[in-house]
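Counting convention: from 1, in listed order, for ligands and their atoms alike.
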Amino acid sequence: MARPRVTQSGRAVTLPASIIGLAAAYFVAGKFGLSLAFVNTSTTAVWPPTGISLAALLLLGVRVWPGVLLGAFLTNITTTGDPVSSAGIALGNTLEALVGAYLVRRFANGARAFERPQNVLKFAFLGAVVSAVVSATIGAATLALSGLAPWSDLGPIWSTWWLGDAGGALIFAPVLLTWATLEIRELSWRPLERLALIGAVIATGLLLFGGIGPLSPSNDPLAFLCFPALIWAAYRFGPREAATAVILLALIADWGTLHGFGPFARSDQNQSLIFLQAFMGVATVTSLVLAAAVVDRQRAQETIQKTEQRLRLVAEESARTREEFLSIATHELRTPVAALRGYIQLGQQSLDRGQHERLRGTLKVALRQTDRLATLIGQLLDASQMQAGRLKLERNPADISALVSGAVDAERLATEARPWVVQIEPGLRASADAVRFEQVVVNLLDNAIKFSPSGGTVTTRLRAEDGELRLEVSDQGIGIAPDRVMRIFERFYRAHDDRGIGGLGLGLYISKQIVELHGGQIEVSSEPGRGTTFTVTIPRLPASATVLRPAASVHGRTGRVLVVDDDREIRALVVEVLRDAGLAVVTAADGNEALAEAARFSPDVIILDRLMPGMDGTEFARLYRATGEPAPIIAFCAARDAAAWAKSIAAVGFIGKPFDVKDLERMVLEHLPATA
Ligand code: ADP
């Protein structure tokens with residue numbers, strides 16, 4: 001209960017205290033300024049209160065303006081005894097402070113104006129030169145109107161007033177503003193040099209203005225000798241020291257000039273102070289600009305250093321990631337190759353010994369290893385394509401229910417027996433790239449199996465929810481540690497790399513990109529030791545959307561096939577498969593040969609590779625079509641390009657490499673003309 005009251009009363013006390021404090025400071029400084037008044041009792045060429053007011057409004061906020069009003073009023077009424085003119089002058093000084101503070105805040109970065117050269121110049125112009133016009137004009141007019149000064153003196157009064165206020169703002173405000181942000185430890189920086197600097201500033205002041213030594217009594221024009229000390233302060237230290245050096249010098253110079261010493265002393269004391277004030281104003285701006293430029297440069301250097309450091313770290317990190325990736329990739333690719341080689345040797349042995357059952361088993365494993373290899377290579381290519389932003393989807397209305405069921409069935413057949421729960425709402429559709437979306441489903445199923453080494457149910461659910469399709473794949477496997485789960489969609493990230501479970505850490509990265517290209521999202525929730533659930537949502541199509549169906553399978557066809565491919569092994573394999581299916585097959589190794597064979601053999605279907613030495617597949621397709629007797633062409637190239645290229649050459653279908661011999665056979669049979 002007590003606390004808020006303390007805070008409230010504390011806050012309530014702060015503002016009046018600030019206002020009274022400001023009024024008191026104004027009063028003391030004003031009395032000092034007026035002690036130097038020569039033109040008129042209220043007009044002086046040195047007016048520190050302007051600097052105090054401006055600094056106070058910038059540091060404490062404009063709400064302390066009554067302090068200026070009060071301080072100015074008291075200063076003047078105790079000087080002239082005339083309440084009306086004192087009120088007018090006080091109003092002028094208050095408006096001056098408000099205008100100055102507003103302009104400096106708005107255009108010169110407020111209390112931090114001294115950190116950039118351009119802001120110092122704006123501060124000098126707006127906070128001193130312009131705002132002093134307000135007070136000089138109102139003040140001089142008040143004096144004339146109230147009869148405290150003759151109208152004929154208005155010119156000198158105005159200019160003295162203006163110069164006094166502008167100089168006060170220029171010389172006093174920077175000191176207050178820069179010292180207000182002092183951190184004590186900054187004073188311990190270069191202590192000896194700091195002492196030497198203070199000594200040099202005082203010595204310069206005394207020699208030039210203090211009546212000590214031969215220089216100051218002679219009144220020679222040697223004011224420029226101030227600059228070495230001021231430049232030293234600005235260049236070696238900064239804005240605070242520059243502003244302090246100026247004020248030290250100004251105080252000595254004011255005293256000395258009034259006592260007839262130094263370059264600005266004249267018989268007319270007001271004129272002396274005007275000269276001095278003008279000189280000090282220019283010296284202040286010059287050294288503050290220099291100090292700000294030095295700060296600016298230091299800051300730029302620091303930024304460059306930090307950026308360099310960051311870039312170095314990034315480069316080191318990326319080199320490390322590359323190394324790590326290469327070692328993982330090499331290991332991951334080598335493993336299936338080693339297994340493949342081993343099983344093929346085993347197969348040879350089985351063949352030699354006539355062990356056909358064993359041969360069948362080894363071939364099955366070899367086939368699985370080939371798939372694994374093809375998946376890894378496919379992931380690497382996909383990831384690099386995604387990284388370059390080149391992955392494009394071919395989206396069509398697709399039956400996602402059928403797609404997911406098919407993927408689950410295939411996975412069940414290909415893996416060891418385990419409990420499966422499959423809940424798929426039939427007939428759910430989406431605009432999807434079927435090949436790519438299937439890749440996501442297969443990856444999630446593969447992971448569910450891979451990361452459940454001791455078995456456990458794999459659950460697949462697909463349902464419609466608020467205009468979206470929601471696919472969930474859950475397992476009861478090893479789960480993912482909470483601090484790692486956030487990273488599993490990153491490229492090359494593997495949360496279980498210490499457990500010897502294979503993988504490149506790319507599958508989920510690729511899946512996420514694919515899902516997002518479908519306008520959907522993929523999420524994960526996992527409990528270590530209990531299992532993981534991945535949830536994919538993508539926008540759904542209404543049930544009425546037409547779905548592209550694969551062409552119905554055909555039986556009882558016969559025909560002639562031309563196989564065009566530059567790779568001898570692949571040609572031999574295709575020939576074998578198709579001849580087994582009872583077809584007549586001829587081959588060609590490039591486009592030219594293929595044109596000749598096509599003319600001679602009149603094929604019913606052409607299987608066409610894309611990249612070949614000599615004439616490539618694209619050129620062959622163009623020339624062959626021009627012959628006027630075109631058999632359907634089946635595009636036969638690397639899986640990634642297959643669909644797009646098939647479309648570009650108007651092929652009837654495509655087979656992506658690596659391929660399944662059964663798919664090849666089915667595709668060719670589908671496109672042969674019926675015998676009957
Ligand atoms: P990987 O080829 O390594 O499986 P993914 O990108 O598919 O690459 O998965 C990234 C990582 O996420 C995996 O290495 C694994 O640590 C973790 N992860 C993915 N799916 C599962 C899951 N079902 N259960 C536990 N951890 C998983």
Side-chain angles (χ1 to χ4, degrees), residues 321 324-337 339 368-369 371-387 391 404 407-408 411-412 414-416 418-422 436-462 471-517 520-536:
T321 314
E324 209 176 285
F325 162 69
L326 277 177
S327 92
I328 294 171
T330 315
H331 174 260
E332 289 300 316
L333 293 173
R334 224 177 231 159
T335 312
V337 171
R368 229 182 15 246
Q369 294 303 330
D371 289 347
R372 188 170 155 197
L373 207 53
T375 307
L376 292 175
I377 293 169
Q379 283 186 341
L380 286 171
L381 291 172
D382 283 351
S384 83
Q385 222 175 10
M386 283 171 184
Q387 187 70 3
L391 185 84
V404 175
V408 174
E411 200 78 29
R412 285 172 81 160
T415 55
E416 280 163 22
R418 63 165 66 228
W420 287 80
V421 173
V422 186
R436 288 298 183 180
F437 196 76
E438 186 175 7
Q439 193 179 344
V440 174
V441 182
V442 169
N443 183 246
L444 294 181
L445 293 170
D446 275 349
N447 277 352
I449 292 162
K450 185 163 79 174
F451 294 102
S452 315
S454 47
T457 308
V458 173
T459 305
T460 310
R461 292 197 177 90
L462 179 73
L471 168 70
E472 274 173 24
V473 177
S474 311
D475 61 62
Q476 299 176 326
I478 56 178
I480 308 164
D483 58 325
R484 300 192 162 192
V485 81
M486 293 309 296
R487 300 194 54 194
I488 58 169
F489 295 104
E490 287 175 19
R491 229 162 34 119
F492 305 131
Y493 186 77
R494 302 186 310 159
H496 303 97
D497 51 356
D498 47 345
R499 304 196 38 167
I501 304 177
L504 289 171
L506 283 175
L508 287 177
Y509 165 75
I510 294 167
S511 299
K512 185 170 193 291
Q513 312 288 321
I514 293 176
V515 171
E516 286 176 356
L517 283 173
Q521 51 190 13
I522 181 165
E523 282 161 6
V524 60
S525 71
S526 185
E527 219 180 309
R530 319 238 7 201
T532 306
T533 299
F534 284 90
T535 309
V536 174

Participant: Do F489 and I522 have side chains that get closer than 4.5 Å, going by heavy atoms?
Facilitator: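 Yes. Closest side-chain heavy atoms under 4.5 Å.
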
Participant: Which pairs of donor and acceptor atoms, one on a side chain in residues 444-461, lie under 3.5 Å apart (sequence neighbours left out)?
Facilitator:
residue : atom : partner : partner atom : Å
K450    : NZ   : G502    : O            : 2.9
S452    : OG   : A448    : O            : 2.5
R461    : NE   : Q423    : OE1          : 2.6

Participant: Look only at the side chain of R436 and the backbone of I514, and say whether a donor-acceptor pair between them is shorter than 3.5 Å.
Facilitator: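 Between the backbone of I514 and the side chain of R436 there is no qualifying donor-acceptor contact (under 3.5 Å).
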
Participant: Which pairs of nitrogen or oxygen atoms, taken one from ligand 1 and one from the protein, are under 3.5 angstrom apart?
Facilitator:
residue  : atom   : partner : partner atom : Å
ligand 1 : 2 (O)  : L504    : N            : 3.2
ligand 1 : 2 (O)  : G505    : N            : 3.3
ligand 1 : 3 (O)  : G505    : N            : 3.2
ligand 1 : 4 (O)  : N447    : OD1          : 3.3
ligand 1 : 4 (O)  : K450    : NZ           : 3.0
ligand 1 : 6 (O)  : G507    : N            : 3.2
ligand 1 : 6 (O)  : L508    : N            : 2.7
ligand 1 : 7 (O)  : N447    : ND2          : 2.8
ligand 1 : 7 (O)  : L508    : N            : 3.4
ligand 1 : 8 (O)  : G505    : N            : 3.4
ligand 1 : 16 (O) : A495    : N            : 2.8
ligand 1 : 16 (O) : H496    : N            : 3.2
ligand 1 : 16 (O) : H496    : ND1          : 2.7
ligand 1 : 20 (N) : N447    : ND2          : 3.4
ligand 1 : 23 (N) : D475    : OD2          : 2.8
ligand 1 : 24 (N) : T532    : OG1          : 3.3

Participant: Search all heavy atoms of A407 against all heavy atoms of V441 and return the closest pair with its distance.
Facilitator: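 In this case the closest contact between A407 and V441 is CB-CG1, 3.9 Å.
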
Participant: Does anything in residues 520-530 pair up under side-chain hydrogen bond (donor to acceptor under 3.5 Å, both in side chains), and if so which pairs, sequence neighbours excluded?
Facilitator: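 Residue pairs passing side-chain hydrogen bond (donor to acceptor under 3.5 Å, both in side chains), neighbours aside: S526-T532.
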
Participant: side-chain hydrogen bond (donor to acceptor under 3.5 Å, both in side chains): which pairs involve residues 474-483, sequence neighbours left out?
Facilitator: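 The answer is S474-T533.
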
